[in-house]
Amino acid sequence: MKYDVAIIGGGPAGYTAAQKAGAAGRSTILFEKNALGGVCLNEGCIPTKTILYSAKMFDTAKGAVKYGVGAENVSFDLGRIMARKQKVVRKLTAGIRTLMSEAGVAVVQAEARIQGRDGGTLTIAAGDELYEADRLILCTGSETFIPPIPGLEVATCWTSREALMAKEMPASLVVIGGGVIGMEFASFFNSLGTEVSVVEMLDEILPGMDREAAAMLRAEYTRRGVAFHTGCRVTGVDGGLVEVAGSSGTFTLRGEKTLASVGRRPVLRGFGLETLGLETKNGGVCVDAFMRTSVTGVYACGDITGRSMLAHTAVAEAETAVAHILGRREPVAMSYHAIPAVVYTNPEIAGAGATEEVLREEGRPYTVRKVPMTFSGRFVAENEMGTGMCKMLLAEDETLLGVHLVGNPASELITIASIAIGRGMKAGELASCIFPHPTVSEIMKEALG
Ligand code: NAI
């Protein structure tokens with residue numbers, strides 16, 4: 001069985017590549033050992049956003065009186081929250097299956113193993129069969145990194161996977177790592193009444209996000225009772241006891257559950273990658289701007305490259321790779337400079353383009369235009385006592401370099417910023433666009449004055 005394109009891994013990178021290649025008439029085969037949709041759909045983006053929405057509803061209902069609405073005895077049912085999450089996942093996984101069959105993609109539900117490359121032909125084994133392909137796209141994703149902390153391996157420590165399958169609410173939770181996963185779960189469990197502590201090695205949570213935005217979010221969650229221990233390392237875990245070392249000494253936190261969220265690592269083992277001998281760097285597969293690896297005919301997209309571990313980056317990379325494979329006359333090189341990043345806490349925070357920290361580090365001059373979210377009428381109408389920020393960073397010629405938001409619905413608004421930055425727009429060009437009134441999006445026009 002010989003195919004034009006073979007893809008290993010059916011997450012956002014893999015299923016996008018398969019759909020694009022199949023729809024363009026290339027014979028395409030997709031190997032997935034677990035469920036289609038990958039981590040994003042089955043145990044990442046979609047299930048977390050589903051349960052976070054339940055937590056947000058619970059928060060809203062508890063605070064309804066501020067809006068003149070009575071809601072007494074507000075309660076939640078963790079079992080039903082989790083059951084709904086599974087229903088959402090099932091529905092979307094079925095959607096991907098349909099997408100594959102509509103694009104004529106052959107889906108093999110089995111673990112694939114690369115056998116090697118002979119001339120221009122790549123051989124892949126799965127089940128009892130051998131498959132050949134002219135092009136191979138590696139989309140094997142990433143896995144949770146468990147840091148070498150004494151006791152962590154043997155402790156019944158959660159990763160995001162187990163946290164998403166919680167059957168009971170823990171009375172207390174220690175989160176190791178105040179990154180995106182750590183903060184989204186801190187938000188969920190804090191909303192539903194768990195006593196949450198976050199231990200973060202760096203001196204601010206959410207590295208990579210705008211520091212001021214991260215600090216605002218930390219202040220908000222501190223107000224809600226989350227205990228933050230920044231600049232602290234976890235040095236040991238013993239059952240429910242977490243030993244922490246900070247600048248002022250060591251201390252112990254007690255948690256009924258512990259969540260390890262210190263990062264994810266590209267998956268490079270277990271599928272015969274070594275037979276290709278391709279170049280890797282910092283634990284990820286090296287690729288060029290068209291997602292080509294160092295081996296002719298082999299591409300890599302998504303978390304496996306270790307570049308930007310986001311589902312929407314994976315989708316863009318897959319589109320780039322397939323456009324190159326299809327030999328489009330002027331394939332567009334993958335660009336990373338305007339990729340939006342969102343943390344789905346409540347309030348959400350989001351950013352696109354450069355942060356002040358990066359611009360300072362690179363010595364690039366910039367000016368800041370910043371307004372509180374309360375300058376938006378719609379925001380005030382819908383966020384009683386809510387605070388937030390819209391910060392825009394401009395180059396000397398007023399080209400938009402970065403936009404950073406705190407406040408709902410930052411996850412939706414950031415798309416506008418990402419498009420503007422990606423298209424190289426200047427402040428005046430964005431400000432001259434017509435934003436519907438009243439919407440929170442007007443805050444960008446407001447910030448630009
Ligand atoms: P992360 O890299 O975002 O955060 C890990 C955090 O752990 C960092 O702040 C780091 O300083 C800290 N840390 C590392 N070692 C530590 C230690 N020994 N003690 C205390 N703190 C320590 O990784 P995370 O949150 O696990 O997420 C993994 C990937 O998944 C990320 O690339 C993220 O972008 C992606 N993701 C994206 C989401 C989104 O877009 N909303 C949601 C969830 C995950």
Side-chain angles (χ1 to χ4, degrees), residues 11-12 38-53 141-152 157-164 174-188 197-209 211 213-215 217-218 228-237 242-247 250-251 253 255 258-267 282-284 302-315 336 339-352 410-412 414-415 418:
V39 170
C40 166
L41 209 114
N42 295 287
E43 49 186 55
C45 319
I46 297 297
T48 50
K49 267 78 263 181
T50 309
I51 65 167
L52 279 165
Y53 189 69
S142 62
E143 60 195 359
T144 301
F145 170 64
I146 302 290
I149 295 172
L152 198 59
C157 168
W158 275 351
T159 66
S160 54
R161 178 180 294 163
E162 290 78 31
L164 273 171
V174 178
V175 177
I176 308 176
V180 193
I181 294 183
M183 280 311 299
E184 290 186 353
F185 279 104
S187 176
F188 176 77
S197 313
V198 177
V199 184
E200 168 55 50
M201 186 172 77
L202 302 174
D203 60 0
E204 187 51 270
I205 58 168
L206 298 170
M209 298 298 287
R211 205 178 154 84
L217 192 77
R218 183 167 49 80
F228 288 95
H229 305 278
T230 50
C232 290
R233 264 174 191 279
V234 170
T235 50
V237 178
V242 179
E243 293 158 28
V244 183
S247 54
T250 59
F251 57 95
L253 296 171
T258 305
L259 170 71
S261 50
V262 302
R264 298 181 59 87
R265 295 284 179 267
V267 174
N282 300 329
D303 286 7
I304 187 174
T305 70
R307 274 194 179 175
S308 155
M309 292 196 179
L310 297 169
H312 44 282
T313 305
V315 167
Y336 293 87
I339 292 174
V342 177
V343 187
Y344 295 83
T345 42
N346 185 22
E348 297 169 346
I349 78 168
S411 59
E412 301 292 343
I414 203 65
T415 310
S418 167

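Counting convention: from 1, in listed order, for ligands and their atoms alike. Bear in mind that the values here come from a model prediction, so they are computed numbers and not experimental data.
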Arg307 CZ to Ile339 CD1 distance, which is reported to the nearest 0.5 Å: 9.5 Å
Heavy atom of the protein closest to atom 44 (C) of ligand 1 (residue, atom name, distance): Ile181 CG1, 3.3 Å
Closest protein heavy atom (residue, atom, distance) for atom 18 (N) of ligand 1: Ile149 CD1, 4.0 Å
Nearest protein heavy atom with distance in Å, relative to atom 11 (O) of ligand 1: Glu200 OE2, 2.6 Å
Proximity winner for atom 5 (C) of ligand 1, if only heavy atoms of Gly177, Ala245, Ser261 are counted: Ser261
Nearest-neighbour protein heavy atom for atom 41 (N) of ligand 1, which is reported as residue plus atom name and distance: Val342 O, 2.8 Å
Atom pair CD (Glu412) and CD (Glu348), whose distance is rounded to the nearest 0.5 Å: 7.5 Å
Atom indices of ligand 1, in the order listed, that fall short of 4.0 Å to a heavy atom of Val199: 20 (C), 21 (N)
Identity and separation of the nearest protein heavy atom to atom 35 (C) of ligand 1: Met309 O, 3.5 Å
Protein heavy atom at shortest distance from atom 29 (C) of ligand 1: Arg264 CD, 3.8 Å
Minimum side-chain heavy-atom gap His229-Leu253 below 4.5 Å: yes
Side chain proximity check, Ile176 to Leu152, heavy atoms < 4.5 angstrom: yes
Reported CZ-to-OG1 distance for the pair Arg265 and Thr144, which is rounded to 0.5 angstrom: 10.5 Å
Over 12 foreign heavy atoms within 6.0 Å of CZ, Arg233: no
Protein residue, atom and distance nearest to atom 2 (O) of ligand 1, heavy-atom basis: Gly263 CA, 4.2 Å
Residue Leu202 vicinity, atoms of ligand 1 by number, heavy atom under 4.0 Å: 11 (O)
Side-chain (Thr230) to main-chain (Glu200) donor-acceptor, under 3.5 angstrom: no
Sub-4.0 Å atoms of ligand 1 with respect to non-hydrogen atoms of Leu310: 34 (O), 37 (C), 40 (O)
Nearest-0.5 Å distance, OG1 of residue Thr159 to CZ of residue Phe185: 8.5 Å
Heavy-atom proximity to atom 3 (O) of ligand 1, best of Val262, Val180, Asp203: Val180
Distance filter under 4.0 Å to Tyr344 heavy atoms, resulting ligand 1 atoms: 41 (N)
Interfacing atoms of ligand 1 (cut-off 4.0 Å, heavy-atom, Pro207): 8 (C), 9 (O)
Beyond-backbone contact of Thr235 with Thr250, side-chain heavy atoms, under 4.5 angstrom: no
Sub-4.0 Å heavy-atom contact, Pro147 with ligand 1: no
Proximity to ligand 1 by part of Phe145, non-hydrogen separation under 4.0 Å: neither
For atom 4 (O) of ligand 1, closest protein heavy-atom neighbour: Gly179 CA, 3.2 Å
Over 12 non-hydrogen atoms of neighbours within 6.0 angstrom of OH in Tyr53: no
Pair Glu184-Ser187, side-chain hydrogen bond (donor to acceptor under 3.5 Å, both in side chains): steps then yes or no: CA-CA 5 Å; Glu184 290 186 353; Ser187 176; over 6 Å; no
